[in-house]
There are 2 protein chains.
Amino acid sequence: MDVKTEPNVCDKWAETLRVYHNTSCELENELQSRHSLGLSEFEVLLELCGQCHGGDGKAKMKDLEARMYLSQSALSRTVTRLEKAGLVTRAACDNDRRANFLMLTPAGQERLDEARPTHKSVLIKHFA
Amino acid sequence: MDVKTEPNVCDKWAETLRVYHNTSCELENELQSRHSLGLSEFEVLLELCGQCHGGDGKAKMKDLEARMYLSQSALSRTVTRLEKAGLVTRAACDNDRRANFLMLTPAGQERLDEARPTHKSVLIKHFA
DNA sequence: TGAAGTTACATGCCCGTGCATTCAATGTCA
DNA sequence: TGACATTGAATGCACGGGCATGTAACTTCA
C-alpha cells in the first residue's frame with residue numbers, strides 16, 4: 001500500500017468505468033438496432049459457437065455460466081429468449097437428465113455471423 | 001485496422017469486462033453490507049462532496065448528471081433514495097427555479113467518510 | 001436400497017436502469 | 001408582450017438482473 005499507488009487506483013477505476021460504459025452502451029445499441037440482439041444474448045451465441053473454446057456449437061448451461069458474467073437465473077432467461085427467437089435449442093443430456101445441452105440453430109449461427117462484424121467494429125473503435 | 005490489432009481488441013474487451021465485473025460486484029457488496037449504500041449512491045455522495053472537482057458539498061443535478069454514468073431519471077431516483085435516507089437535501093435554486101441544488105447533510109458527510117476506506121481498499125485490491 | 005445431501009435448472013419476486021412523456025420554469029424572437 | 005422552443009427535473013412503463021426458492025435428477029453412505 002505504497003502511498004504513491006493510492007491516487008492511481010481511483011484513476012484506474014475511473015478509466016475502467018469510462019471505457020466499460022462507453023463500449024457496452026454502444027455495443028448494446030448497435031447490436032440491438034441492427035441485429036435485434038442484446039449484448040448478453042450476443043455473448044451467449046458467441047460463447048456457444050465457442051470458437052475461443054474449441055466448442056462445436058454445443059455447450060452445457062453450467063459450462064456457459066462458468067464462462068460468463070451472468071447469474072444462473074439471468075443465463076436461464078437469456079437462453080429462453082434466444083430459444084423463443086429460434087436461435088438456440090435446448091436438448092436434454094443423456095448422461096445427466098438435469099443438465100441441458102444448448103445448440104446453435106442454423107438461424108442462430110447466421111444471426112451471429114451477421115452480428116459479429118458489428119461487434120468487432122465497435123471494439124476496434126474503442127480499443128484500437 | 002491492421003490485421004494484427006484485431007485479435008487484441010477482443011482480449012482487451014474481455015479484460016475490461018473481467019475487471020469491471022469483479023470490481024463493481026465487490027464494491028456493491030461491500031458498500032451495501034457495511035454501509036447500506038449502493039454503488040451509485042456512494043458515487044453520488046462522492047461526487048457531491050466533490051473533493052475531485054473543487055466542490056463544496058453542493059451541486060446542481062445537471063452538473064452531477066454530466067459527471068456520472070447515470071441517466072437523468074436514474075440520478076433523480078438515486079437522489080430521492082439518498083434524500084429519504086437523510087444523507088442529502090434538495091434545495092431550490094434562486095436563479096433558476098427549475099434547477100435543484102443538492103447538499104450533503106452532516107449525516108451524509110459522515111456516511112461518506114465511513115464508506116470511503118471500504119471503497120478505497122476494494123480498489124487497491126483490484127488495481128494495485 | 002433408502003434417507004439425506006447435492007446439483008442443474010426454472011421461476012417468483014424485487015430492484016435499479018433507461019426511454020418516453022409530462023410539467024413547470026426559462027429563453028427567444030417578432 | 002405573446003407565441004413557440006428549450007431546459008431541468010419527476011414519473012409511468014418495461015426490461016434485464018440478482019437472490020431466494022422449488023423441483024427434479026443425481027450422489028453418497030451406512
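Here is how names work: the chains are called A, B, and so on, in the same order as the sequence lines, proteins then strands, and each is numbered from 1. Note that this is a predicted model, so its numbers are computed, not measured.
- If you check every strand for non-hydrogen atoms under 4.0 Å, Glu65(B) touches nothing.
- Here dT6(C) presents its P atom at 17 Å from CG of Asp96(A), a figure rounded to the nearest Å.
- Between Leu70(B) atom CG and dA9(D) atom C1' the separation is 15 Å, expressed in whole Å.
- Counting distance only, with no hydrogens placed and no angle test, the side-chain atoms of Arg98(B) and the base atoms of dG27(C) include no donor-acceptor pair under 3.5 Å.
- Candidate nucleotides dA9(D), dG18(C), dC9(C) were compared by shortest atom distance to the side chain of Arg90(A), and dC9(C) ranks first.
- In this structure, the side chain of Thr16(B) does not engage the main chain of Tyr20(A) through any donor-acceptor pair within 3.5 Å.
- At a threshold of 4.0 angstrom between heavy atoms, the contacts of Asn95(A) are confined to the sugar-phosphate backbone, with no base atom among them.
- dC15(C) atom P lies 11 Å from atom CD of Gln32(B), rounded to whole Å.
- Defined by atom type and a distance below 3.5 Å, a donor-acceptor pair is missing between the side-chain atoms of Arg111(A) and Ser36(A).
- Judged by atom type and distance alone, Ser71(A) does not reach the base of dG17(D) through any side-chain donor-acceptor pair under 3.5 Å.
- One cannot find a donor-acceptor pair under 3.5 Å joining the base of dC9(C) and the side-chain atoms of Ser73(A).
- Residue-to-nucleotide contacts include no donor-acceptor pair under 3.5 Å from the side chain of Arg81(B) to the base of dG16(C).
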Criterion side-chain hydrogen bond (donor to acceptor under 3.5 Å, both in side chains) on Asp113(B) and Gln109(B), from CA distance to verdict: CA-CA 6 Å; Asp113(B) 292 340; Gln109(B) 182 68 56; 3.2 Å; yes

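- Contact of Gln72(A) with dA10(C) (side chain to base): a donor-acceptor pair of N or O atoms is detected under 3.5 Å.
- Residues Trp13(B) and Leu27(A) form a side-chain contact, since some pair of their non-hydrogen atoms from C-beta on lies under 4.5 Å apart.
- Counting only heavy atoms from C-beta on, Arg77(B) has its side chain closest to dG18(C) among dA9(D), dT11(C), dG18(C).
- Atom-to-atom, CD of Glu28(A) to C1' of dA14(D) comes out at 15 Å; the value is rounded to the nearest Å.
- Rounded to whole Å, atom C1' of dC9(C) lies 13 Å from atom CG of Leu64(A).
- We find that NZ of Lys60(B) is positioned 12 Å from P of dT26(C), with the value rounded to whole Å.
- Among the heavy atoms of the strands, none lies under 4.0 Å from Thr80(B).
- By the rule that hydrophobic residues join a cluster once side-chain heavy atoms approach within less than 4.5 Å of another member, Leu17(A) and Leu39(A) end up as members of one cluster.
- When the side-chain nitrogen and oxygen atoms of Ser40(A) are compared with OP1 and OP2 of dG17(D), one or more of them lie within a distance under 4.0 Å.
- Heavy-atom nearest nucleotides on DNA chain C were determined for Asn29(A) and for Val79(A), and the one closer to the 5' end corresponds to Val79(A).
- The phosphate of dC26(D) (OP1 or OP2) has a side-chain N or O of Arg97(A) nearer than 4.0 angstrom.
- When distances are taken from the side chain of Ala99(B) to each of dA25(D), dT26(C), dA9(D), the shortest belongs to dA9(D).
- A donor-acceptor pair is defined here as one N or O able to donate and one able to accept, closer than 3.5 Å; no such pair exists between the side chain of Ser76(B) and the backbone of Gln72(B).
- Between Leu102(B) atom CG and dA9(D) atom C1' there is a gap of 11 Å when expressed in whole angstrom units.
- The CE-C1' distance, from Met61(B) to dT11(D), rounds to 13 Å in whole Å.
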